[in-house]
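I have placed the structure first, in the form of structure tokens, so that the comments after it can refer back to it.
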Amino acid sequence: SAQLRAGAGLVLAAGSRIDVSGGARVAASGSLSGGAAGAITLSSSALPSSGALDGSRFVLDGSLQGLALAGARGGSLSLRAAQVHLGDVGSAFDAAADDAARGILRLDPGFLSQGGFNSFQLDGQQALTVHAGALLAPVAQSWMAERALLGAATGSTLSAWARPNGGALAVAPALPGQRQPVQLSLQSTGLATSTDGGVLTVDAGARLQLEPQARLTLQAARQLRMDGQIQAPAGQVTLAKTGFSTEALPDPAGLLSLGSSSAIDVSGQVLTVPGTDGRLRGQVLDAGSISLRSPLLLWHAGSSIRAAGASGLLDGSATALFADGRQLLHGSAGTLDITLTTNPLPGGAAQPGGAVLAGSFLAPAADLPGAAGGTFRLTLAGDGQPLADGDAPAPQVVLAGAGAAGTGPAAPTPAETTDAAVLDSLRGQARISAPMLQAAGLAELLLRSSDTLVLSGAIDLDLGRRITLDTPR
């Protein structure tokens with residue numbers, strides 16, 4: 001592994017190279033196996049200056065590589081700069097030299113499919129932005145070995161056998177169903193001594209398209225705004241407003257926002273494995289999970305989250321019921337887990353969490369007998385902490401049915417999300433629509449409040465498995 005960390009700037013000039021690629025082993029039987037690649041960490045931290053953050057120089061003109069033989073795990077790459085921008089940002093920004101001096105790192109989306117890495121962690125301390133029009137669709141490359149590699153001498157470097165050098169190794173993605181998905185983490189961590197920074201934005205029109213069973217994490221210390229689209233079949237997607245780690249700084253504008261154009265889909269998928277006999281082999285993947293965690297959550301109307309079950313035909317061994325071995329199989333629907341945390345304040349007190357929950361969730365079962373629908377969990381946490389003042393509202397979850405009194409608070413406009421008074425009006429409550437939950441195709445529902453839970457209006461919920469209402473009152 002290789003780590004370069006700097007507080008006053010980091011430069012990888014053109015022609016420089018960091019290579020943590022894995023090796024290979026030829027067994028006595030003649031079989032070839034690959035070793036896992038290592039990790040690269042490059043960090044040029046932003047510096048606090050007069051209560052704000054100043055970027056440190058970051059130049060990334062060198063070559064980074066973490067390849068492994070097909071079937072082995074590729075490397076991991078971690079980059080930290082003052083700002084990270086993914087996608088074409090047009091001519092409104094400064095030239096590359098000025099960007100580098102201010103610690104601004106601009107990456108083409110294709111960067112995430114280069115070098116053989118299976119894991120990326122990108123951190124823009126001040127801000128990380130996925131710009132409109134960007135398509136992040138990472139696919140890991142591997143070394144594809146030919147038989148001539150079996151004759152390589154002990155101690156040889158695999159790069160010496162790569163084309164066009166020795167010709168026995170080609171660099172290409174493995175076939176679908178045979179390669180490991182790229183795990184992606186996008187962060188804006190800020191600094192624990194300043195509330196400047198810590199903002200992650202996925203613009204409307206931006207798309208994150210991951211391979212089946214991948215993990216995607218979006219984390220921001222102060223604000224996370226998701227207006228784009230995420231597709232991660234059978235994957236795990238986490239969006240979290242994390243706060244500032246080492247000091248409880250006042251953070252009245254901290255929130256997680258899912259805009260009206262946002263969409264997240266982790267539905268199941270039929271994953272086939274190529275073969276030479278014409279038979280359909282593979283598996284039906286269960287739908288994945290979505291986790292939303294923040295003191296304040298704005299889930300706007302028009303935003304959609306989907307975790308539907310899948311079904312498909314696959315070939316297996318012949319049985320009495322399936323003479324030709326072909327069977328229609330199904331996977332389970334997925335899970336949406338929402339946790340509204342408290343917002344810690346100096347002195348040990350806390351502001352209660354809250355949410356506007358106006359988006360839609362769909363997690364229907366596959367259309368087969370016995371297939372299970374999805375799960376919805378909502379927790380309004382108190383964490384046992386004293387609230388900021390005696391007038392702070394007690395945490396309350398409202399399950400609203402037809403004819404329920406009131407409509408709950410409206411989602412603030414983008415301009416209003418910087419107004420602490422507007423955001424404070426949302427704290428202490430989370431109102432969820434019973435008709436939306438019924439239409440979601442759920443098998444399980446869990447609502448948890450650290451204080452009270454209110455059933456309002458005519459509620460008609462008929463779920464496949466269980467309903468859990470958890471409150472101390």
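The number of heavy atoms from other shown groups lying within 6.0 Å of CZ (Arg225) is above 12. For Arg215, the CZ atom counts as loosely surrounded, since its 6.0 Å shell holds 12 or fewer non-hydrogen atoms of other residues, nucleotides or ligands. Counting non-hydrogen atoms of other residues, nucleotides and ligands closer than 6.0 Å to CG of Asp61 gives a total above 12.
Minimum interatomic distance between Ile290 and Arg306 (heavy atoms only, all atoms of both residues): CD1-O, 4.4 Å. Nearest heavy-atom pair, Gly198 versus Ala220, reported as atom, atom and distance to 0.1 Å: O-CB, 3.6 Å. Scanning all heavy atoms of the two residues, the minimum distance from Asp286 to Gly331 falls at OD1-CA, 3.2 Å. Counting all heavy atoms, side chain and backbone alike, Ala365 lies closest to Ala371 at CB-O, 3.5 Å. Residue Ser188 comes nearest to Val199 through the heavy atom pair OG-N, 2.9 Å, listed as atom of the first residue, atom of the second, then distance. Minimum heavy-atom separation, Ala307 to Val266: CB-CG2, 3.7 Å.
In this structure, the separation between CG on Asn118 and OG on Ser142 is 7.0 Å, given to the nearest 0.5 Å. Here CZ of Arg80 is found 7.5 Å from CD of Gln187. Values are rounded to the nearest 0.5 Å.
Partner of Val130 under the side-chain contact (heavy atoms from CB on, under 4.5 Å) criterion, chosen from Asp203, Asp227, Leu218, Leu186: Leu186.
Ring geometry, His85 versus His131: the interplanar angle falls under 30°, so the pair is classed parallel (tilted spans 30 to 60°).
Checked against ring-ring contact (aromatic ring centres under 6.0 Å, His included), Phe120 has the following partners two or more places apart in sequence or in another chain: Phe117.
Looking only at side-chain heavy atoms (C-beta outward), Leu77 and Phe111 come within less than 4.5 Å of each other. Side-chain contact between His300 and Ser257: present, with at least one pair of heavy atoms (C-beta onward) separated by less than 4.5 Å.
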Stepwise, does the side chain to side chain donor-acceptor pair (under 3.5 Å) test hold for Arg448 with Thr379? CA-CA 5 Å; Arg448 178 183 291 119; Thr379 300; 3.2 Å; yes
